[in-house]
Number of protein chains: 2
Amino acid sequence: MQGITGHELSSKKAEYLKYIHMQGDVVKTTEIAAHFSVAPSTVTKALTEIAKAGYIEHTPYHGVRLTPLGTEYARFLVRRHRLVALVLSRHGLEPEEACREAKKIEQCFSKDLTDRMCTSLGHPMMSVCGEIEHDACCCGSHGGYRG
Amino acid sequence: MQGITGHELSSKKAEYLKYIHMQGDVVKTTEIAAHFSVAPSTVTKALTEIAKAGYIEHTPYHGVRLTPLGTEYARFLVRRHRLVALVLSRHGLEPEEACREAKKIEQCFSKDLTDRMCTSLGHPMMSVCGEIEHDACCCGSHGGYRG
DNA sequence: CTCCAAATTTGGTGTCTATCTAAATTTTTC
DNA sequence: GAAAAATTTAGATAGACACCAAATTTGGAG
């Protein structure tokens, strides 16, 4: 939470991490390779590096699983994606389009910039492609008024 | 105007082109190298490639100058930059900050996305870092109501 | 329990972008 | 014209991403 810049991982690796997060628990190399339409060896290489950076635990031949750090980071990536998509949706893009375009540009947004936009938007709870969780957000819990 | 995707040049080359455009007429290698704090040879290499793509005319040892295509493209780049900065400024960033951050993310915005945002913003004439010219904009002239 | 097929990893390559240094070349200036 | 300044060329490096072919490991069938 404290030291994230938003540029710790290259955009491809960040995509892999987000995917692993969304699949939950143990994810296999082949699954990732198929999802992103790349050769398994390409994924293995990326996974090794992501593991070296501490975001996942890689048990050769058995798949990967997020570490606590990886989980935290993946949550940031998802939050960033949804905030960027939300901004785009407010500038003339249809929900699906906003989500698609967001994937192309989100990697450019630093943690800081993301947080600034989040605050400016009033820590919205919903985007066009899912909920936005603020647990690990810029300025504490913004869970909304539940009671 | 017709075929621009916004990704014709790598982000560095696009920065060089924008700089050449802003300096006007003939620009020297050393000037560019100094501005971006890179070795002259790095610039020469990039310039050669930008010239090959048709955006500039490079007369060895004498500098470069934009071609009509390059001028058109540079205008798009400037317009994109200012639109992105404007969007950021509307999301909690101070003018100077918005301009600075825009430089980091603008290369991710396609021509199409830029045009969509432009329309959504009502073809604004001013951004936080200069005027926005719509001559070569998405849907013709939006020069405002001059008379 | 053995053996083969499927999954995965290794090792080697290639491409692209961006950078640098050092050496060669051209232009400019005195 | 010759030295100085600017520029280009050539050769290397580095990171990201991708592929293929070969080796390794796993897991299921018999």
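None of the values given here were measured: they were computed from a predicted structure. Here is how names work: the chains are called A, B, and so on, in the same order as the sequence lines, proteins then strands, and each is numbered from 1.
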Completion exercise
Picking from D/dT8, D/dC19, C/dT9, the nucleotide nearest the side-chain atoms of B/Pro60 would be D/dT8

Fill in the blank from the handout: In short, A/Val128 meets A/Ala85 closest at the heavy-atom pair CG2-CB, 3.8 Å

Fill in the blank from the handout: To the nearest angstrom, the NZ-C1' distance between A/Lys13 and D/dC17 comes to 9 Å

Problem - Sugar-phosphate, base or nothing in reach of B/Pro40, heavy atoms under 4.0 Å - result: base

Problem - Rounded distance (nearest 0.5 Å) linking atom OH of A/Tyr73 with atom NZ of A/Lys18 - result: 11.0 Å

Problem - Rounded distance in Å - NZ (A/Lys12) to P (C/dC16) - result: 17 Å

Problem - Salt-bridge contact B/Arg116-A/Glu97 (side-chain N to carboxylate O under 4.0 Å) - result: yes

Practice task
Scan B/Thr42 against the nucleic acid and name what it touches under 4.0 Å (heavy atoms): base, sugar-phosphate only, or nothing.
Solution key: base

Problem - N or O in side chain of B/Thr48 less than 4.0 angstrom from D/dT8 OP1/OP2 - result: no

Practice task
Quickly work out the A/His62 NE2 to D/dT25 P distance and round it to whole Å.
Solution key: 11 Å

Problem - Side chain of A/Thr44 (C-beta onward), nearest among C/dT9, D/dA6, D/dC19 - result: C/dT9

Handout entry: Distance below 4.0 Å between B/Ser41 side-chain N/O and D/dT9 OP1 or OP2
Key = no

Handout entry: Test: B/Glu101 and B/Lys104 ion pair at under 4.0 Å
Key = yes

Exercise for the section: Quick one: list whatever passes salt bridge (Lys or Arg N to Asp or Glu O under 4.0 Å) with B/Lys45, sequence neighbours left out. Expected result: none

Practice task
Send over the distance from B/Gln107 CD to C/dT17 P, rounded to a whole Å.
Solution key: 14 Å

Exercise for the section: May I ask you to decide if the ring planes of A/Tyr19 and A/His35 are parallel, tilted or perpendicular, using 30° and 60° as cut-offs? Expected result: parallel

Problem - Distance, rounded to the nearest Å, where A/His58 contributes NE2 and C/dT10 contributes C1' - result: 12 Å

Practice task
In whole angstrom, give the distance that lies between atom NE2 of A/His7 and atom P of D/dG15.
Solution key: 19 Å

For nucleotides 13-15 of chain C, which of its nitrogen or oxygen atoms have a protein nitrogen or oxygen under 3.5 Å away, and what is each distance?
none

Practice task
Would you mind classifying the nucleic acid contact of B/Ala39 as base, sugar-phosphate or nothing, using non-hydrogen atoms under 4.0 angstrom?
Solution key: base

Problem - Side chain of B/Tyr61 - closest among C/dT25, D/dA16, C/dC20 - result: C/dT25

Can you give each donor-acceptor pair under 3.5 Å made by side-chain atoms of residues 56-66 of chain B, sequence neighbours left out, with the distance rounded to 0.1 Å?
from, atom 1, to, atom 2, distance (Å)
B/Arg65, NH2, B/Asp25, OD1, 3.0
B/Arg65, NH2, B/Asp25, OD2, 3.3

Exercise for the section: In whole angstrom, give the distance that lies between atom CD1 of B/Ile50 and atom P of C/dA18. Expected result: 9 Å

Exercise for the section: Assign B/Phe36 to base, sugar-phosphate, or nothing according to its heavy-atom contacts below 4.0 angstrom with the strands shown. Expected result: nothing

Handout entry: Separation of atom CG in B/Leu47 from atom C1' in D/dT9, rounded to whole Å
Key = 15 Å

Handout entry: B/Ile105 CD1 to B/Phe109 CZ distance, which is reported to the nearest 0.5 Å
Key = 4.5 Å

Practice task
Return no unless some side-chain N or O of B/Ser10 is found under 4.0 Å from OP1 or OP2 of C/dA18.
Solution key: yes

